[in-house]
Amino acid sequence: MITVKLPAHLRNLAEVTDTVHVEVEGPVTARSVLDALEAAYPALRGTVRDHATGKRRAFVRFYVGQQDISHDPLDRPLPAEVATGDEPFAIIGAMSGG
């Protein structure tokens, strides 16, 4: 069971109040976690990734622990701590400007 932390606006769309848990079949990658998340919470489809390209949307970041994995390939295996549920997969809304 994978633990996923969502920013407030995505929690509102998914109608959840806290972290969510998803089941991933096969290798645990950012893509498989996002696929499971969108299957479990259809309101999130297209909010994290573009519908057509499947690429991460601008101003959305992925974190595992303190590490930003936003620019890593989506099919790169995530650390074992994420697969076991000990460490969450965090989706963070980024900001720009100064």
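These figures come from a predicted structure and were not determined experimentally. Quick note: residue numbers are just sequence positions, from 1.
- Listed here is the closest heavy atom pair of Ala83 and Val28: CB-CG2, 3.8 Å.
- Neither Ile92 nor Leu37 shares a network with the other; the hydrophobic side chains, linked directly or stepwise wherever heavy atoms of I, L, V, M, F, W or Y lie under 4.5 Å apart, form separate groups for each.
- For Ser70 (side chain) and Phe62 (main-chain N/O), a donor-acceptor pair under 3.5 Å exists by modelled atom type.
- Atom OG1 of Thr84 and atom CE of Met1 lie 12.5 Å apart (nearest 0.5 Å).
- Atom CZ of Arg11 is separated from atom OG1 of Thr19 by 9.0 Å, given to the nearest 0.5 angstrom.
- Put simply, OG1 on Thr29 and CG on Leu78 are 6.5 Å apart, with the number rounded to the nearest 0.5 Å.
- Counting all heavy atoms, side chain and backbone alike, Pro7 lies closest to Ile91 at CD-O, 2.9 Å.
- Looking at Ser32, its side chain does come within 3.5 Å of a backbone N or O of Pro27 through a donor-acceptor pair.
- At least one side-chain heavy atom of Phe89 sits under 4.5 Å from a side-chain heavy atom of Val64.
- Listed for the Arg31 side chain is no donor-acceptor partner under 3.5 Å among the backbone atoms of Asp75.
- Between Glu38 and Leu44, the closest heavy-atom pair is OE2-O, 4.2 Å.
- The minimum heavy-atom distance linking Arg56 with His71 is given by the pair NH2-CE1, 3.2 Å.
- Under the 4.5 Å side-chain heavy-atom criterion for Ile, Leu, Val, Met, Phe, Trp and Tyr, Leu34 and Tyr63 are members of distinct hydrophobic clusters.
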**salt bridge (charged side-chain N to carboxylate O under 4.0 Å, His left out) between Arg49 and Asp35, intermediate numbers included** = CA-CA 10 Å; Arg49 296 183 292 181; Asp35 289 345; 2.8 Å; yes
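- For Arg57 (side chain) and Gly46 (main-chain N/O), a donor-acceptor pair under 3.5 Å exists by modelled atom type.
- Of all heavy-atom pairs between Ala36 and Glu23, the closest is CB-O, 3.5 Å.
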**Asked** Could you walk me through whether Tyr41 and Leu13 pass the side-chain contact (heavy atoms from CB on, under 4.5 Å) check?
**Response** CA-CA 9 Å; Tyr41 301 95; Leu13 282 173; over 6 Å; no
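- Linking ILVMFWY side-chain heavy atoms closer than 4.5 Å, directly or via other members, places Leu10 and Val60 in a single hydrophobic cluster.
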